[in-house]
Trainee: 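One structure, as structure tokens, below. Some questions next.
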2 protein chains.
Amino acid sequence: MATPQLTKNQSLVMGALAHSEGPMSAYTILDKLRDQGFRAPLQVYRALDKLLEYGLVHRLESLNAFVACTCPDDHEHDRGVTAFTICEGCGQVTEFHDEAIEERLSTLVRGQNFKTEKTTIEIRGHCSSCA
Amino acid sequence: MATPQLTKNQSLVMGALAHSEGPMSAYTILDKLRDQGFRAPLQVYRALDKLLEYGLVHRLESLNAFVACTCPDDHEHDRGVTAFTICEGCGQVTEFHDEAIEERLSTLVRGQNFKTEKTTIEIRGHCSSCA
DNA sequence: GCAATTGATGTAATAACATTACATGGCAAT
DNA sequence: ATTGCCATGTAATGTTATTACATCAATTGC
């Protein structure tokens, strides 16, 4: 699916995430956008739902937080599995992709006759600066 | 670390999870244990913290829920990465381990000079029965 | 024996994250 | 102009997790 033009709220949330150093919770985003007229969590969650759907944003399950996708290229075709390292020290999040892992997981779940819809890979630890 | 004798609350929580079909949220566990004297979430969370530490229980980040570990053998030595398939249809959770993925992830994060402490792999989708 | 320490527990309150329900407004297609 | 669709606004509520503080029991060292 081609990414459609973002609505006002979607653009504001996308902008907040894109300019952020690291991940933000929905409520942190809400606070950042109070000055632009945001009043309720739902405004943020609705925008996030769409941005997730378009692949412009990722949800970090282990943090209950969201980050802008850092893929340089287009988000339109399926990017396969996305994985993250998350530093407990500085909060830095690094997104990466790997075909080998993708294929290995694919093989393993096929053995269960399991049909994958979404894969979460999150590695918590310490980055080189915070070791 | 050897698993110590479980306390009363830890045993009750462990029992609830072990006898459950699938994952349970902390509050669901609380409700199950009201008759045994549980009154507050903290009683559950404290027990879960210890059970997670001992490796007897896993936390499913994408569900905010907990499952008993299904490894048949001892939990005492490091089991490496644990991964799960989670069926959206029936809620069934299957735990699995794979050395190849472990090694590949290890290689990838070493390239970032990242020191892994905990790895989360959760695959949401549909199991063979619910496809 | 007995203070000091440690770890488990109990209770209440609150914080943090997410959704449901319902009403409104804009805009395109017919 | 009516209909349908989608984005939005607002309030209330539901769900998950933590902080703060008090108590109790077992152990250790003196």
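Residue numbers start from 1 in every chain, and the chains themselves are labelled A, B, ... in the order their sequence lines are given, proteins ahead of strands.
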Trainee: Between A:Asn64 and C:dA18, is there a side-chain N or O to OP1/OP2 distance below 4.0 Å?
Mentor: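 Yes.
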Trainee: May I ask you to verify if any side-chain N or O of A:Ser25 is less than 4.0 angstrom from the OP1 or OP2 atom of C:dC17?
Mentor: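 A:Ser25 to C:dC17 OP1/OP2: side-chain N or O found under 4.0 Å.
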Trainee: Record whether the side chain of A:Tyr27 comes under 3.5 Å of the base of C:dA15 through a donor-acceptor pair of N or O atoms.
Mentor: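 Side chain to base: no pair below 3.5 Å.
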Trainee: Return the minimal non-hydrogen interatomic distance between B:Ser25 and B:Thr28, and the atom names on each side.
Mentor: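 It is OG-OG1, 2.9 Å.
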Trainee: Measure from NZ on A:Lys8 to P on C:dG25 and round the result to the nearest Å.
Mentor: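 In whole Å, C:dG25 P and A:Lys8 NZ are 16 Å from each other.
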Trainee: Can you give me every donor-acceptor pair (side chain of residues 8-21 of chain B, partner residue at least two apart or in another chain, under 3.5 Å) with its distance?
Mentor:
from    : atom 1 : to      : atom 2 : distance (Å)
B:Gln10 : OE1    : B:Thr7  : N      : 3.2
B:Gln10 : NE2    : B:Thr7  : OG1    : 3.4
B:Ser11 : OG     : B:Thr7  : O      : 3.0
B:His19 : ND1    : B:Gly15 : O      : 2.7
B:Ser20 : OG     : B:Gly22 : N      : 3.1
B:Ser20 : OG     : B:Gly22 : O      : 2.5

Trainee: In this structure, how many angstroms lie between the P atom of D:dA7 and the CG atom of A:Leu12, rounded?
Mentor: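 To the nearest whole Å, that distance equals 15 Å.
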Trainee: Rounded to whole Å, please give me the gap between CG in A:Leu63 and P in D:dT16.
Mentor: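 Distance, rounded to whole Å: 18 Å.
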Trainee: What integer distance in Å separates A:Asn9:CG from D:dT8:P?
Mentor: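 Rounding to the nearest Å, CG of A:Asn9 and P of D:dT8 are 4 Å apart.
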Trainee: Give a yes or no on whether B:Met24 and B:Leu6 share a hydrophobic cluster (residues Ile, Leu, Val, Met, Phe, Trp, Tyr; joining criterion: side-chain heavy atoms under 4.5 Å apart).
Mentor: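 Yes, one cluster joins them.
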Trainee: Tell me: CG of B:Leu42 to C1' of C:dT9, nearest whole Å?
Mentor: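 Interatomic distance, CG of B:Leu42 to C1' of C:dT9: 9 Å.
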Trainee: Tell whether B:Arg46 reaches the base of C:dG7 with its side chain through a donor-acceptor pair below 3.5 angstrom.
Mentor: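 When only heavy-atom distances are counted, B:Arg46 does not reach the base of C:dG7 through any donor-acceptor pair under 3.5 Å.
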Trainee: Taking only residues at least two apart or on different chains, which pairs with a member in residues 22-38 of chain B satisfy salt bridge (Lys or Arg N to Asp or Glu O under 4.0 Å)?
Mentor: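 Found B:Asp31-B:Arg34.
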Trainee: So, does B:Gln43 get its side chain near the phosphate of C:dT9, meaning an N or O under 4.0 Å from OP1 or OP2?
Mentor: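 False: B:Gln43 side-chain N/O out of range (4.0 Å or more) of C:dT9 OP1/OP2.
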Trainee: What is the separation between atom CE on B:Met14 and atom P on C:dA8, rounded to the nearest whole Å?
Mentor: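 Whole-Å distance recorded here is 17 Å.
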Trainee: Without decimals, in angstroms, what is the distance between B:Tyr45 OH and D:dT19 C1'?
Mentor: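 From B:Tyr45 OH to D:dT19 C1': 14 Å.
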Trainee: Whole angstroms only, please: what is the CE-P distance between B:Met24 and D:dT15?
Mentor: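 About 17 Å, once rounded to whole Å.
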Trainee: Search all heavy atoms of A:Gln92 against all heavy atoms of A:Cys127 and return the closest pair with its distance.
Mentor: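 Closest heavy-atom pair between A:Gln92 and A:Cys127: OE1-CB, 4.5 Å.
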Trainee: Looking only at side-chain N and O atoms, does A:Thr7 come under 4.0 Å of OP1 or OP2 in D:dC6?
Mentor: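 A:Thr7 to D:dC6 OP1/OP2: no side-chain N or O under 4.0 Å.
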